[in-house]
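Before any comments, here is the structure.
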Protein chains: 2
Amino acid sequence: MVQKQEYLSKNQKIVLDHVEKANQPLKAYSILFNVQKKGLKAPLQVYRALDKLVEIGKIHKIESRNTFVACKNSNCVVSNATAFSICESCEKVTEINNSKLSKYLSNFEDNSGMKYSKYNLEFFGLCKKCKNK
Amino acid sequence: MVQKQEYLSKNQKIVLDHVEKANQPLKAYSILFNVQKKGLKAPLQVYRALDKLVEIGKIHKIESRNTFVACKNSNCVVSNATAFSICESCEKVTEINNSKLSKYLSNFEDNSGMKYSKYNLEFFGLCKKCKNK
DNA sequence: TAACGCATTGTTATATTATAACATTATTAT
DNA sequence: ATAATAATGTTATAATATAACAATGCGTTA
Ligand SMILES: [Zn+2]
Ligand SMILES: [Zn+2]
Ligand SMILES: [Zn+2]
Ligand SMILES: [Zn+2]
């Protein structure tokens with residue numbers, strides 16, 4: 001039996017490293033531009049690395065913005081329960097780490113007969129700074 | 001003073017009509033293809049209608065899928081509190097109408113000092129049908 | 001009625017985001 | 001060694017969305 005991957009490949013490391021240093025969500029093509037000096041030449045190389053990193057929870061995708069951000073929440077072993085706050089003015093994004101919220105959503109059930117294995121929640125508003133402008 | 005728009009324009013009506021009849025999320029270019037017989041020729045005509053319809057809550061965007069679906073929840077006067085369940089196998093999408101959930105999320109506060117005016121939540125899993133395959 | 005403000009429309013071109021397809025190389029298990 | 005799986009490299013193309021500009025329609029108000 002082939003084991004589940006436990007290490008990161010070369011391209012995955014390069015992309016993760018760049019996204020982690022950014023400390024804010026990045027667009028795929030901005031990542032591409034910035035890692036070209038490291039040898040990644042084509043969009044697919046970035047997207048493939050991102051796909052894997054998202055799958056294993058090192059990176060999350062901000063769906064409403066098509067951006068990618070490093071996970072700040074050490075418990076996100078996989079990207080199956082994510083919540084973000086997004087400022088609609090400055091686009092600052094913060095990963096929400098709130099155990100009550102995650103418990104509530106992970107246990108959520110409705111009458112559809114569907115058992116949810118994953119969720120993504122995006123809150124929008126104005127951050128402190130932008131509110132006081 | 002110019003009043004807030006209370007009616008739908010021609011293109012907005014055409015697009016909304018098509019999306020409502022579909023009863024499932026549609027992609028923008030599929031909408032475009034299908035309303036070409038009604039005279040809408042360019043992507044922008046569709047996107048502009050969608051933008052407005054989303055703004056007034058008649059249509060919601062499924063962000064993780066880049067699709068658009070008619071609101072099934074008569075209380076969604078504006079698209080500021082949306083929740084969906086998405087089957088990862090057949091892509092069936094249902095708008096969740098659960099007052100406890102919406103109350104919980106609308107009142108959610110964390111320690112970021114941010115007041116949220118809007119959220120979008122997407123649950124993923126397998127629908128009843130797909131679970132029993 | 002005329003002038004204004006603003007939403008909408010029409011149109012062409014282009015930007016942005018993401019994947020298809022195929023050949024090759026690397027890694028690990030048996 | 002052989003096979004299975006994962007990752008890479010590369011070119012081309014698909015899919016999603018917006019820029020820019022000119023024109024029209026419609027309600028407000030002078
Ligand atoms: Zn995380
Ligand atoms: Zn802000
Ligand atoms: Zn709705
Ligand atoms: Zn299904």
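Each chain gets a letter, A, B and so on, in the order its sequence line appears, and its residues count up from 1.
Contact annotation: A/Ser9 reaches the phosphate of D/dT8 (side-chain N/O to OP1 or OP2, under 4.0 Å). Phosphate proximity of C/dA18 to A/Asn66: present, with a side-chain N or O under 4.0 Å from OP1 or OP2.
For B/Phe123 and A/Phe108, the ring centers sit closer than 6.0 Å to each other. Aromatic rings from B/Tyr104 and A/Tyr104 are positioned such that their centres are separated by under 6.0 Å.
Taking atom CG of residue B/Asn11 and atom C1' of nucleotide D/dG25, one finds them 13 Å apart after rounding to whole Å. Atom CG of A/Leu26 and atom P of C/dT17 are 12 Å apart (whole Å). In this structure, the OH atom of B/Tyr7 is 10 Å from the P atom of C/dA7, given to the nearest Å. Atoms CZ (B/Arg65) and P (C/dT19) sit 11 Å apart, rounded to a whole Å. For the pair A/Leu44 CG and D/dT11 P, the computed distance is 12 Å after rounding to whole Å. Put simply, CD on B/Glu63 is 14 Å from P on C/dT17, counting in whole angstrom units. The NZ atom of B/Lys41 sits 9 Å away from the C1' atom of C/dT11 (whole-angstrom rounding). When rounded to the nearest whole Å, the span between CG of B/Leu8 and P of C/dT8 equals 9 Å.
Of the candidates D/dA7, D/dA17, C/dT11, C/dT11 carries the atom nearest the B/Arg48 side chain, counting heavy atoms from C-beta on. In this structure, the nucleotide among D/dA17, C/dA20, D/dA7 sitting nearest to the side chain of A/Gln12 is D/dA7. Closest to the side chain of B/Pro43, from the set C/dT16, C/dA18, D/dA17, is D/dA17. Side chain of A/Lys61, nearest nucleotide from C/dA18, D/dA15, D/dA7: C/dA18. Of the candidate nucleotides D/dA17, D/dT18, C/dT9, C/dT9 has the atom nearest to the side chain of B/Lys10. Of the candidate nucleotides D/dG9, D/dA20, D/dA7, D/dA7 has the atom nearest to the side chain of A/Lys52. Of all nucleotides listed (D/dT18, D/dT8, D/dT11), D/dT8 comes nearest to the side chain of A/Gln45. Here the side chain of B/Lys27 is nearest to one of C/dT12, D/dA17, D/dT16, namely D/dT16.
Using a 4.0 Å cut-off between charged side-chain N and carboxylate O, B/Glu122 and B/Arg65 make no salt bridge.
For the 3.5 Å distance criterion, the side chains of B/Ser64 and A/Glu63 fail to qualify, holding no donor opposite an acceptor.
Nearest-nucleotide positions on DNA chain D place A/Gly39 closer to the 5' end than the other of A/Gly39 and B/Asp51.
A/Leu16 and A/Val69 fall into different hydrophobic clusters, where Ile, Leu, Val, Met, Phe, Trp and Tyr side chains are chained together by heavy-atom contacts under 4.5 Å.
A donor-acceptor contact under 3.5 angstrom links the side-chain atoms of A/Tyr29 to the base of C/dA18.
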